[in-house]
Number of protein chains: 2
Amino acid sequence: MGVELKIAVVAPSNRLPDEVPDRVRALVRDRAEIVFHPQCFLSSGHFAGPDQMRENALVEVANDPAIDAVWFARGGYGAGRIAETAIARLGDVAREKTYLGYSDAGFLLAGLHKAGFGRVLHGPMPADIRRIGGEAAVSRAVDALLAPPVADRPQYAFNLTVLSSLLGTAIEPDFSGRALMIEEVDEHAYRIDRMLFHVTSQPAIRRAAGLMLGRCDPVPDNDPDFGEEVEAIARYWCARSHIPYLGRADIGHDADNAVVRFS
Amino acid sequence: MGVELKIAVVAPSNRLPDEVPDRVRALVRDRAEIVFHPQCFLSSGHFAGPDQMRENALVEVANDPAIDAVWFARGGYGAGRIAETAIARLGDVAREKTYLGYSDAGFLLAGLHKAGFGRVLHGPMPADIRRIGGEAAVSRAVDALLAPPVADRPQYAFNLTVLSSLLGTAIEPDFSGRALMIEEVDEHAYRIDRMLFHVTSQPAIRRAAGLMLGRCDPVPDNDPDFGEEVEAIARYWCARSHIPYLGRADIGHDADNAVVRFS
């Protein structure tokens, strides 16, 4: 079989459902060795184990020379609590690896790219295998871990809530000149509007090359109805803040979620 | 009856329910004249009329020498969309007035205080008369409009979501040396945690004298349960960010919501 890529999965946010490892391994066993760190299955309130154990697991696999890539297990909430301190503990070995995730894992992607890590990817995670069409998503993710795509331009991809929440913090990356893709899930239109006010009002964001709108789906019903679709909201805030609106991005909380290399 | 205080009510966020003016006027008619601007009853999607009409109503009453105080009708969402542009249109006459509101109106309170306005108050709004105990809240608010309390220290009071959303924008006020009171309503514990990560990670917030926790109620149930009460979450982020935790504040989305003068 030759030398296989060795991928480690850790869960910096919520606990990974028990069924996921077997399904993912069955799908990709001929292409890569995937190790699910036991931390993925810890549970501590909202999180996949206490902060220190989630941080330690990430630091352990990132600093392990036998591991080629670190794959974040799933989203939820919790990566932001450990991003700054975990990244501060990463050595030179960690810089040679590929990192892949999205949604709440965006806190880590942001901090890693800010810290100068070169192979930081937004894209599907192991837990996505439970979606309709999830096997294709996971397979696409493993392809990207085996051979990270080359970015054809400076770009980032973020969940809007995560992006809004990391602005002004120690893990805020440099947006200058970058195409900034955003996506959202399960947020009301008025909340999307409020977050776009916040995001597009930042001088740092106004230095981006432009904004691209991924899928924001579902948008829960609200009373009163907001009165505008999400793309109109995005166009409004781009126009108001003089940020070019660059059209739609092929990202979202779904099986079609594209791999986007931070660059 | 002598010279009465003249209070103008405008609605920079959501539409005011029709029943409110009669109830408020009945309660305070012997103490002040209250004028509800017709804009309060407009409706445009989510908002009490389009941005331009909400902005115009606020600018009109703020710049009117016959008006002594501007009272924001209710919360919801929308004040942030007009705060920067409305405040830029206010003249010297507007600076002599008292402004009162909370929740979404915090976007305006922040911007007004940043612009050097001296009588900016967090406190009950006309729509609060619909709460149990709401008449006492509205009466307390009118007392504060008649005679703004003197602040015994530098302080602000904000809804946590509003505070989080205005950071880094043109209406962010100076937090240095101030007691910063926060309150929340209807946000999950993980969202409160995420917002406190965002807020306490800001260098500008770390210059505050400390944080005081108002009421965060209700906190919707979540699965999994977050595992910590809101006060423990606030204490955690204060300790982590070296912001003094100064205890509880008597503010919240309720009839007991205290008047807090920005200072």
Side-chain angles (χ1 to χ4, degrees), chain A residues 13-15 43-51 76-85 104 107 161-172 187-206 222-229 232-233 236-237 240-241, chain B residues 13-15 43-51 76-85 104 107 161-172 187-206 222-229 232-233 236-237 240-241:
Chain A
S13 310
N14 292 33
R15 184 184 189 281
S43 185
S44 175
H46 185 96
F47 308 110
D51 285 353
Y77 170 67
R81 290 174 63 110
I82 64 167
E84 182 182 359
T85 47
D104 191 63
F107 286 112
T161 298
V162 169
L163 174 63
S164 174
S165 302
L166 64 77
L167 295 172
T169 75
I171 54 173
E172 179 186 315
E187 295 288 353
H188 292 89
Y190 77 90
R191 288 178 180 260
I192 291 173
D193 191 83
R194 190 167 55 200
M195 288 191 282
L196 281 170
F197 157 74
H198 180 230
V199 166
T200 63
S201 294
Q202 309 293 317
I205 294 279
R206 292 180 179 181
N222 200 58
D223 181 24
D225 181 68
F226 191 75
E228 274 193 334
E229 297 302 311
I233 297 172
Y236 169 81
W237 285 107
R240 183 164 160 170
S241 58
Chain B
S13 310
N14 292 32
R15 184 183 188 282
S43 185
S44 174
H46 185 96
F47 308 109
D51 286 352
Y77 171 66
R81 290 174 63 110
I82 64 167
E84 182 181 359
T85 47
D104 191 63
F107 286 112
T161 297
V162 170
L163 174 63
S164 175
S165 302
L166 64 77
L167 295 172
T169 75
I171 55 174
E172 178 186 315
E187 295 289 354
H188 291 89
Y190 78 89
R191 289 178 180 261
I192 291 173
D193 192 82
R194 190 167 56 200
M195 288 191 282
L196 280 171
F197 157 74
H198 180 231
V199 166
T200 63
S201 295
Q202 308 293 318
I205 294 279
R206 293 180 179 182
N222 200 57
D223 181 23
D225 181 68
F226 190 75
E228 274 193 334
E229 296 302 311
I233 297 172
Y236 168 81
W237 285 108
R240 182 165 161 169
S241 58

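The sequence lines fix the lettering, A, B, ..., with proteins before strands; numbering per chain opens at 1.
Heavy atoms closer than 4.5 Å to chain B are found in both the backbone and the side chain of Thr169(A). Using a 4.5 Å cut-off between heavy atoms, Asn222(B) contacts chain A through its side chain alone, with no backbone atom that close. Contacts of Ile171(B) with chain A are made by side-chain atoms alone, with heavy-atom separations under 4.5 Å and no backbone atom involved.
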Query - Pair His188(B)-His46(A), ring-ring contact (aromatic ring centres under 6.0 Å, His included): steps then yes or no - result: CA-CA 11 Å; His188(B) 291 89; His46(A) 185 96; 9.6 Å; no
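Contact annotation: the side chain of Phe197(B) never approaches that of Glu84(A) to less than 4.5 Å [non-hydrogen atoms, C-beta and beyond]. Inter-residue side-chain proximity for Leu166(A) and His198(B) is flagged as unmet; no heavy-atom pair is nearer than 4.5 Å. In this structure, Trp237(A) and Arg81(B) have side chains that are in contact, with non-hydrogen atoms separated by less than 4.5 Å.
Of the listed residues (Ser201(B), Ser165(B), Pro224(B), Gly45(B)), the one with the most heavy-atom contacts under 4.5 Å to chain A is Ser165(B). Considering only heavy-atom pairs separated by less than 4.5 Å from chain B, the leading option among Arg191(A), Glu172(A), Met195(A) is Arg191(A). Taking Thr161(B), Asp193(B), Asp225(B) one by one and counting their heavy-atom pairs under 4.5 Å with chain A, the maximum is reached by Asp193(B).
Interatomic distance, Phe226(A) CZ to Phe47(B) CZ, rounded to the nearest 0.5 Å: 3.5 Å.
The aromatic rings of Tyr190(B) and Tyr77(A) lie tilted to each other, with the angle between the two planes from 30° to 60°.
Residues satisfying the side-chain contact (heavy atoms from CB on, under 4.5 Å) test with Ser241(B), not counting sequence neighbours, are Thr200(B), Arg206(B), Ile243(B).
In summary, the side chains of Tyr236(A) and Asp51(B) do present a donor paired with an acceptor at a separation below 3.5 Å, with no hydrogens or angles considered.
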